[in-house]
Amino acid sequence: MRVVRLWFQAEEIFPLIRASLSGRYPGIKFVEYPTFGNTHGPQEAEIIATLPEKLRQYGCDAVISGVGG
């Protein structure tokens, strides 16, 4: 399984999510947000438009787009 992390301001919570998912799914791989770009920045529309193809390109099975707020 491959999981994408799309948001970028989650330095406190993402390590906990990573540890929990890694314990539940041995061999899980994570694709970090720099691979896709800032989905909330100036190029948001372009990044979102190319997202489906990039998810296929990297073989992603799931996306974590944000937590809390």
Identify each donor-acceptor pair in which a side-chain atom of residues 17-26 lies under 3.5 Å from a protein atom, sequence neighbours left out, and give them as a table.
| residue | atom | partner | partner atom | Å |
| --- | --- | --- | --- | --- |
| R18 | NH2 | E32 | OE2 | 2.2 |
| S22 | OG | R18 | O | 2.8 |

Show me, pair by pair, the donor-acceptor contacts under 3.5 angstrom made by side chains of residues 42-56, not counting sequence neighbours?
| residue | atom | partner | partner atom | Å |
| --- | --- | --- | --- | --- |
| T50 | OG1 | E46 | O | 3.3 |
| T50 | OG1 | I47 | O | 3.1 |
| E53 | OE1 | R56 | NH2 | 3.3 |

Residues Y58, T35; criterion side-chain contact (heavy atoms from CB on, under 4.5 Å); working and verdict: CA-CA 10 Å; Y58 287 94; T35 303; 3.4 Å; yes

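Rounding to the nearest 0.5 Å gives a distance of 8.0 Å between CZ of R2 and CG of D61. Rounded to the nearest 0.5 Å, atoms SG (C60) and CE (M1) are 11.5 Å apart.
Put simply, the side chain of I64 reaches to within 4.5 Å of the side chain of V3, judged on heavy atoms.
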